[in-house]
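Everything numeric in this text was worked out from a predicted model, so none of it was measured.
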Amino acid sequence: MRRRSGFGWLELVIGILLIILGVFTLVNPGFALSGLVALFGIIAIVMGVADIVLYVRVERFTGFGPIVSLISGILSVMSGIMLLVYPNAGRWVLSLLFPIWFIAHCISRLSQLNSIRFHAGNGMYYFTLIVNIIGLVLGILMVLRPLVSMLSIGYIVGFYLILLGVDSIALAASNIGSRR
């Protein structure tokens with residue numbers, strides 16, 4: 001079996017990209033949020049059209065069964081169009097979804113702490129613990145204050161993306177990829 005080096009190249013690339021995205025978000029917080037809303041709108045339309053096409057292809061063979069795919073496709077297309085036509089509504093939605101994503105991501109990372117301590121050591125363990133507790137607190141604060149969240153989400157996301165990038169680069173440099 002081939003031995004891996006202690007350096008995680010994928011984590012390094014992800015970390016660098018997260019830091020670049022975080023800096024870009026801090027420099028242009030409104031543009032980043034508008035870009036995300038437009039991206040989500042386009043993705044929703046494409047997924048909705050794919051669901052409708054699936055319904056059309058499968059319906060003649062199975063009858064009434066895939067109606068859920070048709071309904072889902074129509075709702076996705078409507079949601080995507082709404083996000084593109086009314087981007088402010090999309091900002092409200094994102095101001096509610098980002099805190100949920102922050103909380104879910106931080107809980108996921110906190111559940112991996114034992115593995116991180118075992119493979120990467122105590123320093124990386126404490127760093128990951130602190131970064132994810134900060135993310136958890138930010139997520140909870142954004143859920144409790146959605147208006148503040150909407151107004152400051154670009155800055156909060158920018159800072160957190162930079163922290164995640166530093167975390168990924170630190171993981172890349174740790175022993176996480178090597179065997180013991």
Self-check item: Nearest atoms (heavy-atom pairs only) where Leu83 meets Val37
Solution: O-CG1, 3.6 Å
Self-check item: Heavy-atom closest contact (Gly48 atom, Ser76 atom, distance)
Solution: CA-CB, 3.5 Å
Quiz item: Measuring from Leu26:CG to Tyr155:OH, what's the distance to the nearest 0.5 Å?
Solution: 8.0 Å
Self-check item: Met82 CE to Ile45 CD1 distance, which is reported to the nearest 0.5 Å
Solution: 10.5 Å
Quiz item: With Leu18, which residues qualify under side-chain contact (heavy atoms from CB on, under 4.5 Å), at least two apart?
Solution: Ile14, Leu161, Leu164, Ser168
Quiz item: Taking only residues two or more places apart in sequence or in another chain, which ones pass side-chain contact (heavy atoms from CB on, under 4.5 Å) with Ile16?
Solution: Leu12, Ile20, Ile169
Compile the donor-acceptor pairs under 3.5 Å between side chains in residues 126-142 and protein atoms, sequence neighbours left out, one pair per line.
from: Tyr126; atom 1: OH; to: Arg117; atom 2: NH2; distance (Å): 3.3
from: Thr128; atom 1: OG1; to: Met124; atom 2: O; distance (Å): 2.9
from: Thr128; atom 1: OG1; to: Asp167; atom 2: OD1; distance (Å): 3.1
from: Asn132; atom 1: ND2; to: Thr128; atom 2: O; distance (Å): 2.8

Quick one: do [X] and [Y] end up in the same hydrophobic cluster if we chain Ile, Leu, Val, Met, Phe, Trp and Tyr together by side-chain heavy atoms under 4.5 Å apart?
| X | Y | result |
| --- | --- | --- |
| Ile81 | Leu39 | no |
| Val23 | Leu17 | no |
| Val85 | Leu75 | yes |
| Val13 | Leu21 | no |
| Ile74 | Met47 | no |

Quiz item: Should we say atom CZ of Phe24 is surrounded by more than 12 heavy atoms from elsewhere, each under 6.0 Å from it?
Solution: yes
